[in-house]
A.B. asks: 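Starting off with a structure, shown below.
For ligands, and for the atoms within them, numbers begin at 1 and follow the listed sequence. Owing to the predicted nature of the structure, the values given are computational and were not obtained by experimental measurement.
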Amino acid sequence: MLLENKVVLITGASRGIGRATAIEAARQGANVAINTYKDEAVAAEVVAEIEALGRKAIVVDADVAQPDSATAFVNAAVEAFGRVDVFVSNAGICPFHAFLDMPVETLRRTMEVNLHGAYFMTQAAANQMVQQGEGGSIVAISSISALVGGEMQTHYTPTKAGVHSLMQSCAVALGRHGIRCNSVLPGTIATDINKDDLADPAKREYMEGRIPLGRLGRPEDIASVVAFLASDMAGYMSGAALLVDGGAFANFQ
Ligand code: NAD
Ligand code: RM4
């Protein structure tokens, strides 16, 4: 029960890593506010899973790229649960595309969802935590792609480097309020975001072959690390980045 009676907010929590994190937070004793975007039927399943664990959940449907979504999400969580203890910035997209003909709109949307969305949401959650005056924990889902490039990810990798950088600066800006800010850098986790990319057998085999632990990651592999960083067990961690990649980054030769 790492998060007993805490209130945890997670963006993009209808699928993949966000969904697994919402359920893990509930398993660890938290009540959970989930942000989703145009995914109501699936969001209802997540709520049902959380309630089956004996915890409470609310859903707020909103596009994280819109600045107003952030205050609306935080206000809804405070109305339902009275406070915010943990905020997890997870919502993200990666529409794989080559560099030389990257459509302006694909670049812009990826930046707005992944980086601006993380910024607005983190800012709104932090303001609530500061107002409460009891500290808090913010965890952003960055990526191994903050450290390495990708031929079809020139629009995406800068957002993931940016998200980690945002956590470092926020760790500095919010430390005096007792708010810890860290990022998690997942390797390749099999979710909807890379389903089409990994449907290519050659690409999948290459990615799996890079991983010393011998398998792609599962959303639950990330959720448990987020729960740790969110919890008091990580009480002296701030501005840190935890790589959770089965050893892929270390596997140079
Ligand atoms: P996913 O596609 O399964 O989940 C993404 C979630 O974000 C979905 O619930 C989706 O509805 C939501 N979302 C998308 N756009 C949104 C918007 N505008 N507003 C609100 N919600 C929105 O993918 P995932 O792999 O679970 O990705 C989650 C995060 O993990 C992303 O930030 C991604 O960059 C990061 N990540 C994933 C991997 C991986 O290999 N899967 C690796 C490193 C980092
Ligand atoms: C991650 C990493 C993975 C990729 C996903 C979409 O950050 O690059 O390899 O599958 O993004």
A.B. asks: Around atom 11 (O) of ligand 1, find the nearest protein heavy atom and jot down its residue, atom name and distance.
C.D. replies: Ser14 OG, 3.4 Å
A.B. asks: With heavy-atom distances below 4.5 Å as the criterion, would you say the side chains of Gln123 and Asn127 are in contact?
C.D. replies: yes
A.B. asks: Out of the candidates Asp61, Thr11, Val47, Ile10, only one should pair with Thr36 under the side-chain contact (heavy atoms from CB on, under 4.5 Å) rule; please name it.
C.D. replies: Asp61
A.B. asks: For atom 3 (C) of ligand 2, grab the closest protein heavy atom and report residue, atom and distance to one decimal in Å.
C.D. replies: Thr188 OG1, 3.6 Å
A.B. asks: Below 4.0 Å from any atom of ligand 1, is there a heavy atom belonging to Arg109?
C.D. replies: yes
A.B. asks: Is there a side-chain contact between Asp245 and Ile211 (heavy atoms, below 4.5 Å)?
C.D. replies: no
A.B. asks: For ligand 1, which atoms have a heavy atom of Asp63 less than 4.0 angstrom away?
C.D. replies: 17 (C), 18 (N), 19 (N)
A.B. asks: Starting from atom 24 (P) of ligand 1, find the nearest protein heavy-atom neighbour and note its residue, name and distance.
C.D. replies: Thr191 OG1, 3.5 Å
A.B. asks: Going from CG on Leu107 to NE2 on His97, what distance comes out if it is rounded to the nearest 0.5 angstrom?
C.D. replies: 11.5 Å
A.B. asks: Considering Asp192, Asp245, Ile189 one by one, which has a heavy atom nearer to atom 40 (O) of ligand 1 than any of the others?
C.D. replies: Ile189
A.B. asks: Could you identify the single nearest non-hydrogen protein atom to atom 7 (O) of ligand 1 and state the distance to 0.1 Å?
C.D. replies: Gly12 CA, 3.5 Å
A.B. asks: Taking both backbone and side-chain atoms of Asp197, is any N or O found less than 3.5 Å from an N or O belonging to ligand 2?
C.D. replies: no
A.B. asks: Which residue holds the protein heavy atom closest to atom 42 (C) of ligand 1, what is that atom called, and what is the gap in Å?
C.D. replies: Gly187 O, 3.0 Å
A.B. asks: Taking 4.0 angstrom as the limit and counting only heavy atoms of Tyr156, give me the atoms of ligand 2 inside it, by number and element.
C.D. replies: 1 (C), 7 (O), 11 (O)
A.B. asks: If the cut-off is 4.0 Å to any non-hydrogen atom of Thr188, which atoms of ligand 1 fall inside it?
C.D. replies: 40 (O)
A.B. asks: So for atom CD, which belongs to Glu51, do other residues, nucleotides or ligands contribute more than 12 heavy atoms lying within a distance under 6.0 Å?
C.D. replies: yes
A.B. asks: Have a look at Ala65, Ala190, Ala91 and point out the one with the heavy atom closest to atom 13 (N) of ligand 1.
C.D. replies: Ala91
A.B. asks: For Ile193, take its heavy atoms, then give the atoms of ligand 2 lying under 4.0 Å from any of them.
C.D. replies: 6 (C)
A.B. asks: Under 4.0 Å from a heavy atom of Phe96: which atoms of ligand 2 are those, numbered in the order shown and with their elements?
C.D. replies: 6 (C)
A.B. asks: Report yes or no: does a heavy atom of Ala62 sit under 4.0 Å from some atom of ligand 1?
C.D. replies: yes
A.B. asks: I'd like to know if Arg83 and Asp85 make a salt bridge, using a cut-off of under 4.0 Å between side-chain N and carboxylate O.
C.D. replies: yes
A.B. asks: Answer yes or no for Asn90: is there a heavy-atom contact with ligand 1 below 4.0 Å?
C.D. replies: yes
A.B. asks: So do Ile34 and Ile58 actually touch side chain to side chain, heavy atoms under 4.5 Å?
C.D. replies: no
A.B. asks: Could you check whether Ser183 and His164, counting side-chain N and O atoms only, form a donor-acceptor pair closer than 3.5 Å?
C.D. replies: yes
A.B. asks: Considering only non-hydrogen protein atoms, determine which one is nearest to atom 33 (C) of ligand 1 and report residue, atom name and distance to 0.1 Å.
C.D. replies: Tyr156 OH, 3.5 Å
A.B. asks: Below 4.5 Å, heavy atoms only, C-beta onward: do Phe120 and Glu112 meet side chain to side chain?
C.D. replies: no
A.B. asks: How close does the nearest protein non-hydrogen atom get to atom 5 (C) of ligand 1, and which residue and atom is it?
C.D. replies: Gly92 O, 3.8 Å
A.B. asks: Report the part of Gln153 (side chain from C-beta onward, or backbone N, CA, C, O) that has a heavy atom under 4.0 Å from ligand 2; answer both or neither where that applies.
C.D. replies: side chain
A.B. asks: Under 4.0 Å, counting heavy atoms only: does Lys160 come that close to any atom of ligand 1?
C.D. replies: yes
A.B. asks: Answer yes if Val226 and Leu2 sit in the same cluster of Ile, Leu, Val, Met, Phe, Trp and Tyr residues linked by side chain heavy atoms under 4.5 Å apart, and no otherwise.
C.D. replies: yes
A.B. asks: So if I count the atoms of ligand 1 from 1 in the order they appear, which ones are less than 4.0 Å from some heavy atom of Asn35?
C.D. replies: 20 (C), 21 (N)
A.B. asks: Looking only at side chains, do Thr159 and Asn114 share a donor and an acceptor under 3.5 Å apart?
C.D. replies: yes
A.B. asks: For the 3.5 Å polar cut-off, considering only N or O atoms, please tell me whether Val64 and ligand 1 meet it.
C.D. replies: yes
A.B. asks: How close does the nearest protein non-hydrogen atom get to atom 30 (O) of ligand 1, and which residue and atom is it?
C.D. replies: Ile141 CG2, 3.3 Å
A.B. asks: Salt bridge or not between Glu208 and Arg204? Use side-chain N to carboxylate O under 4.0 Å.
C.D. replies: yes
A.B. asks: Salt-bridge test for Asp232 and Lys6: reply yes if a basic N is under 4.0 Å from a carboxylate O, no otherwise.
C.D. replies: yes
A.B. asks: In terms of atom number and element, which parts of ligand 2 are under 4.0 angstrom from non-hydrogen atoms of Asn194?
C.D. replies: 10 (O)
A.B. asks: Using a 4.0 Å cutoff against the non-hydrogen atoms of Ser143, which atoms of ligand 2 qualify?
C.D. replies: 1 (C), 2 (C), 7 (O)
A.B. asks: Out of all atoms in ligand 1, which are within 4.0 Å of some heavy atom of Ser142? Include the element for each.
C.D. replies: 43 (C), 44 (C)
A.B. asks: With a 6.0 Å cut-off (strictly less than), is the heavy-atom count around CD of Glu79, excluding the residue itself, greater than 12?
C.D. replies: no
A.B. asks: Distance from Arg19 atom CZ to Ser14 atom OG, nearest 0.5 Å?
C.D. replies: 8.0 Å
A.B. asks: Can you sort out which atoms of ligand 2 are near Met207, meaning under 4.0 Å from one of its heavy atoms?
C.D. replies: 9 (O)
A.B. asks: Only heavy atoms of Ser145, strictly under 4.0 Å: list the atoms of ligand 2 that pass.
C.D. replies: 1 (C), 2 (C), 7 (O), 8 (O)
A.B. asks: Would you check if the side chain of Asn35 reaches a backbone N or O of Gly12 as a donor-acceptor pair within less than 3.5 Å?
C.D. replies: yes
A.B. asks: Check ligand 1 against Asn194 and write out every atom of the ligand that is under 4.0 Å from a heavy-atom position of the residue.
C.D. replies: 39 (C), 40 (O), 41 (N)
A.B. asks: Short list, please: which atoms of ligand 1 are under 4.0 Å from a heavy atom of Gly16?
C.D. replies: 3 (O), 26 (O)
A.B. asks: List the closest protein heavy-atom neighbour of atom 14 (C) of ligand 1: residue, atom name, distance to the nearest 0.1 Å.
C.D. replies: Ile93 CG2, 3.8 Å
A.B. asks: Is Arg109 paired with Asp63 through a side-chain N to carboxylate O contact shorter than 4.0 Å?
C.D. replies: yes
A.B. asks: I'd like the name of whichever of Ile193, Ile144, Val46, Ile17 reaches closest to atom 1 (P) of ligand 1 through any heavy atom.
C.D. replies: Ile193
A.B. asks: Any chance CZ of Arg108 has more than 12 other-residue heavy atoms, nucleotides or ligands included, within less than 6.0 Å?
C.D. replies: no
